Asker: 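I have a structure I would like to understand better, so I am pasting it below and will then ask my questions one at a time.
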Amino acid sequence: MPSSEPSFFEKVYEVVRKIPYGRVTTYGAIAEYLGSKGSARMVGWAMNQSHSQQEAVPAHRVVNRKGLLTGKRHFGSPNIMKTLLEQEGVQVVEDQIQNFNDHFWSPLELT
DNA sequence: TTGCTGACCGACG
DNA sequence: CCGTCGGCCAGCA
């Protein structure tokens with residue numbers, strides 16, 4: 001076994017881990033970066049399985065296009081995602097990231 | 001195999 | 001503002 005090519009999920013995890021501290025990105029941006037724009041749902045699915053990974057995946061830095069914490073329900077408690085983000089300096093009000101554009105980070109920025 | 005679901009997104013009315 | 005629909009693709013009964 002040689003070379004198992006990195007699957008879609010693997011790439012998602014890798015990208016998510018590269019999200020800088022205090023920054024956030026979207027499912028769509030990741031999907032687009034992986035060349036599967038439109039399959040943002042797969043990114044969400046990958047996040048769902050992310051807990052299965054040995055290396056922790058900062059899924060709390062991944063939100064939907066509106067900067068809404070849609071996946072907060074999957075963190076065990078709905079307040080975990082918000083708390084983690086606020087600890088990184090991201091203001092969250094009503095599950096909505098404030099100044100979202102200012103915190104937004106795209107994997108396309110990777111050099 | 002089919003059919004349904006899902007942490008999405010954009011479009012339509 | 002709200003509800004609905006189609007598209008995308010992986011996992012599961």
Side-chain angles (χ1 to χ4, degrees):
Chain A
M1 98 64 13
S3 35
S4 14
E5 299 179 19
S7 59
F8 187 84
F9 287 31
E10 292 283 331
K11 291 182 178 179
V12 172
Y13 302 138
E14 186 177 0
V15 172
V16 174
R17 292 190 191 110
K18 289 180 180 177
I19 300 175
Y21 182 92
R23 299 283 184 183
V24 294
T25 190
T26 68
Y27 303 96
I30 295 173
E32 184 177 16
Y33 173 74
L34 297 179
S36 296
K37 182 186 180 183
S39 52
R41 297 178 115 174
M42 296 302 91
V43 179
W45 192 260
M47 293 293 93
N48 190 354
Q49 298 297 305
S50 66
H51 71 89
S52 207
Q53 300 300 305
Q54 287 190 330
E55 298 238 6
V57 178
H60 61 275
R61 292 180 186 153
V62 184
V63 296
N64 74 346
R65 200 56 177 171
K66 304 170 188 170
L68 203 58
L69 281 54
T70 53
K72 65 169 188 171
R73 357 184 155 225
H74 295 268
F75 280 80
S77 291
N79 56 303
I80 297 177
M81 191 170 185
K82 176 183 176 184
T83 301
L84 289 171
L85 287 171
E86 292 188 328
Q87 285 181 354
E88 299 189 359
V90 180
Q91 294 180 310
V92 179
V93 178
E94 294 285 289
D95 303 334
Q96 168 66 54
I97 295 178
Q98 305 301 297
N99 306 315
F100 177 58
N101 190 56
D102 188 51
H103 292 290
F104 178 72
W105 173 88
S106 172
L108 299 174
E109 294 181 14
L110 289 172
T111 50

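Quick caveat: nothing in here was measured; it's all calculated off a predicted structure. Sequence lines set the chain letters: A, B, ... in the order given, protein chains first and strands last, and positions in each chain run from 1.
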Asker: Under 4.0 Å from a heavy atom of chain A: give me the 5'-most and 3'-most nucleotides of DNA chain B that qualify.
Answerer: B:dG6 to B:dG10
Asker: Tell whether A:R41 reaches the base of C:dC8 with its side chain through a donor-acceptor pair below 3.5 angstrom.
Answerer: yes
Asker: Quick one: label A:N48 by what it contacts on the DNA or RNA (base, sugar-phosphate, nothing), any heavy atom closer than 4.0 Å.
Answerer: base
Asker: Do A:V12 and A:V15 come within less than 4.5 Å of each other through their side chains, counting heavy atoms only?
Answerer: no
Asker: Using a heavy-atom cut-off of 4.0 Å across all strands, would you classify A:S50 as base, sugar-phosphate, or nothing?
Answerer: base
Asker: Between C:dC12 atom P and A:M42 atom CE, what is the distance in whole Å?
Answerer: 13 Å
Asker: Roughly how many Å is it from CD in A:Q49 to P in C:dC12, rounded to a whole number?
Answerer: 7 Å
Asker: Whole angstrom is fine here: how far is it from CD1 in A:I30 over to P in C:dA10?
Answerer: 17 Å
Asker: Could you verify whether a donor N or O on one side chain and an acceptor N or O on the other, from A:H103 and A:Q98, lie under 3.5 Å apart?
Answerer: no
Asker: Okay, side chain of A:N99, backbone of A:D102: is any donor-acceptor separation there less than 3.5 Å?
Answerer: no
Asker: Within the structure provided, determine whether A:D95 and A:K72 are in side-chain contact (heavy-atom separation under 4.5 Å).
Answerer: yes
Asker: Could you walk me through whether A:E88 and A:R23 pass salt bridge (Lys or Arg N to Asp or Glu O under 4.0 Å), step by step?
Answerer: CA-CA 8 Å; A:E88 299 189 359; A:R23 299 283 184 183; over 6 Å; no
Asker: Nearest whole Å is fine: how far is C:dC1 P from A:Q96 CD?
Answerer: 12 Å
Asker: In terms of the nearest nucleotide of DNA chain C, which residue is placed more toward the 5' end: A:W45 or A:K37?
Answerer: A:K37
Asker: Which part of the nucleic acid, if any, lies within reach of A:A46 when heavy atoms closer than 4.0 Å are counted: base, sugar-phosphate only, or nothing?
Answerer: nothing
Asker: Remember a base hit wins even if backbone is also touched, and classify A:F8 as base, sugar-phosphate or nothing at under 4.0 Å, heavy atoms.
Answerer: nothing
Asker: Between A:R73 and A:P78, is there a donor-acceptor pair closer than 3.5 Å when you use the side chain of the first and the backbone of the second?
Answerer: no
